[in-house]
Amino acid sequence: MTSTIDEIVRAGARVAAAGVSPGSSGNISVLSDGMVHMSGTGTDLGRLTADDIAVVTVDGEFVRGATPSKELALHLALYAKNPHHRAVVHLHSPYAVAASCLEPWSTTSAVPPLTPYFVMRVGQCPLIPFRAPGDPELGELLRALPHPFHGALLANHGQVVSAATPDAAVEAAIELEEACRITLLTDGRPRRLLPAEDVAALAERWGTPWTDAPAVVR
């Protein structure tokens, strides 16, 4: 049976192999038996060991292990937002960072629905206002948003996603990075979005959030 630590180590290796976790940036957590197991501060996600994992409560109280990442508040906020999820991935992947420096596509999603895979694996992805990395207010801003979401862009910073399993969270993070790449490639051009009815059908079928008719910013 795969342990929680093994799940985090495997997830870290996957994001490193995908090239979306530069240097020692990014962090991963898994919720298990009421405890959040999280990669420690300053760790290389591609080389995680059991000694690199911190264990904290869902209220953020340190239990044992390594020093948890300064982005703990982001992870706790997404677990609170999506209580059926048990994994969170936060990355400074280059295209997500670049897209987070643009004005958002709409009030509920920074990224437009250009591909079915983005809608299927992530759903609407709001832009969170800039706060310095590690600022606990990032978690408060995530919790305060009224509409549902499984992923978000952090302004001028990167991305964060949650999912029901570590594998699904990694896949969502990689898909969000690809959606941001396509967004940047098409920015400033006449582009064709997925029809609204197809977006709604895909979101319903795959269980991802998508608010009807968001107010388009650009």
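Counting begins at 1 with the first residue of the sequence. Every heavy atom of this structure was used, including side-chain atoms; hydrogens, water molecules and symmetry mates were not.
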Peer 1: Examine distances only and state if a side-chain atom of S21 and a backbone atom of S25 form a donor-acceptor pair shorter than 3.5 Å.
Peer 2: yes

Peer 1: I need the F149 CZ to T211 OG1 distance, nearest 0.5 Å.
Peer 2: 10.5 Å

Peer 1: Identify, with sequence neighbours excluded, every residue that meets ring-ring contact (aromatic ring centres under 6.0 Å, His included) alongside H157.
Peer 2: H90, H92

Peer 1: If I compare all heavy atoms of L138 with all of P129, which pair ends up nearest, and what's the gap?
Peer 2: CD2-O, 4.0 Å

Peer 1: Would you indicate whether the side-chain heavy atoms of P126 and H147 approach each other to under 4.5 Å?
Peer 2: yes

Peer 1: Could you please spell out the steps behind the side chain to side chain contact (heavy atoms under 4.5 Å, CB included) verdict for T208 and M120?
Peer 2: CA-CA 6 Å; T208 55; M120 290 157 55; 5.9 Å; no

Peer 1: Do V36 and V58 have side-chain heavy atoms sitting under 4.5 Å apart?
Peer 2: yes

Peer 1: Are the side chain of T165 and the backbone of A168 linked by a donor-acceptor contact shorter than 3.5 Å?
Peer 2: yes

Peer 1: Given salt bridge (Lys or Arg N to Asp or Glu O under 4.0 Å), test D135 with K70 step by step and report yes or no.
Peer 2: CA-CA 8 Å; D135 189 329; K70 64 179 178 291; over 6 Å; no

Peer 1: Just wondering, do I28 and M38 contact through their side chains at under 4.5 Å, heavy atoms?
Peer 2: no

Peer 1: Drop me the distance from W210's CH2 to T108's OG1, to the nearest 0.5 angstrom.
Peer 2: 6.5 Å

Peer 1: Can V9 and T49 be said to form a side chain to side chain contact (heavy atoms under 4.5 Å, CB included), step by step?
Peer 2: CA-CA 7 Å; V9 169; T49 69; 6.0 Å; no

Peer 1: How about L153 and C180: do any of their side-chain heavy atoms sit closer than 4.5 Å?
Peer 2: yes

Peer 1: Does the side chain to side chain donor-acceptor pair (under 3.5 Å) test come out yes or no for S100 and Q159, once each step is laid out?
Peer 2: CA-CA 8 Å; S100 78; Q159 59 148 300; over 6 Å; no

Peer 1: Run the salt-bridge test on E7 and R10 with the 4.0 Å N-O cut-off and return the result as yes or no.
Peer 2: no

Peer 1: Less than 4.5 Å apart, any side-chain heavy atom of L185 and any of R181?
Peer 2: yes

Peer 1: Could you tell me whether the side chain of T183 and the main chain of V111 form a donor-acceptor pair under 3.5 Å?
Peer 2: no

Peer 1: Just list the side-chain donor-acceptor pairs under 3.5 Å for residues 192-205, sequence neighbours left out, or say none.
Peer 2:
none

Peer 1: Does E177 use its side chain to pair, donor to acceptor, with the backbone of Y95 at less than 3.5 Å?
Peer 2: yes

Peer 1: Where do P148 and P209 come nearest, in terms of heavy atoms and distance?
Peer 2: O-CB, 3.6 Å

Peer 1: Calculate, to the nearest 0.5 Å, the distance between atoms OG1 and CD1 belonging to T43 and I53 respectively.
Peer 2: 7.0 Å

Peer 1: Output the distance between atom CG (L184) and atom CG (L102), rounded to the nearest 0.5 Å.
Peer 2: 5.5 Å

Peer 1: At their closest point, which heavy atom of R47 faces which heavy atom of D52, and how far apart are they?
Peer 2: O-OD2, 3.7 Å

Peer 1: Could you state whether W105 and V122 fall into the same hydrophobic cluster, counting links through intermediate Ile, Leu, Val, Met, Phe, Trp or Tyr residues with side-chain heavy atoms under 4.5 angstrom apart?
Peer 2: yes

Peer 1: Please enumerate all residues that pass side-chain hydrogen bond (donor to acceptor under 3.5 Å, both in side chains) together with E140, with sequence neighbours excluded.
Peer 2: none

Peer 1: How far apart are the closest heavy atoms of A80 and P83, and which atoms are they?
Peer 2: O-CD, 3.7 Å

Peer 1: Under the side chain to side chain contact (heavy atoms under 4.5 Å, CB included) rule, what do L176 and V161 come out as? Steps first, then yes or no, please.
Peer 2: CA-CA 9 Å; L176 180 52; V161 299; 3.9 Å; yes

Peer 1: Going only through I, L, V, M, F, W and Y residues with side-chain contacts under 4.5 Å, is there a path from L145 to L74?
Peer 2: yes

Peer 1: Looking just at side-chain N and O atoms, do H150 and S162 make a donor-acceptor pair shorter than 3.5 Å?
Peer 2: no

Peer 1: What closest approach, in Å, do G26 and S39 show between heavy atoms, and which atom pair accounts for it?
Peer 2: O-OG, 4.5 Å

Peer 1: Please check if L91 and Y79 belong to a single hydrophobic cluster, counting links between Ile, Leu, Val, Met, Phe, Trp and Tyr side chain heavy atoms closer than 4.5 Å.
Peer 2: no

Peer 1: Can R121 and E171 be counted as an ion pair, charged N to O under 4.0 angstrom?
Peer 2: no

Peer 1: Indicate the atoms forming the closest heavy-atom contact of D51 with A66, along with that distance.
Peer 2: O-CB, 3.6 Å

Peer 1: Out of curiosity, does L45 fall in the hydrophobic cluster containing I174 (side-chain heavy atoms, cut-off under 4.5 Å, transitive links)?
Peer 2: yes

Peer 1: Under the criterion side chain to side chain contact (heavy atoms under 4.5 Å, CB included), I'd like the reasoning laid out for T115 against E178: C-alpha separation, chi angles, the key distance, then a yes or no.
Peer 2: CA-CA 10 Å; T115 73; E178 178 67 3; over 6 Å; no

Peer 1: Heavy-atom distance under 4.5 Å between the side chains of H75 and S69, does that happen here?
Peer 2: no

Peer 1: Is the closest side-chain heavy-atom distance between C125 and F118 below 4.5 Å?
Peer 2: yes

Peer 1: Using a distance-only test with no angle check, is there a side-chain donor-acceptor pair under 3.5 angstrom linking Q124 and S109?
Peer 2: no

Peer 1: Quick check against the 3.5 Å criterion: does T186 have a side-chain atom that pairs as donor or acceptor with the backbone of I182?
Peer 2: yes

Peer 1: Are any side-chain N or O atoms of N82 and backbone N or O atoms of H84, one a donor and one an acceptor, separated by less than 3.5 Å?
Peer 2: no

Peer 1: In terms of hydrophobic clusters joined by side-chain contacts under 4.5 Å, are L72 and L48 together?
Peer 2: no

Peer 1: Does the distance from a Lys or Arg side-chain N to an Asp or Glu carboxylate O, for R143 and E137, drop under 4.0 Å?
Peer 2: no

Peer 1: Would you check if L154 and F130 make a side-chain contact, meaning some heavy-atom pair closer than 4.5 Å?
Peer 2: no

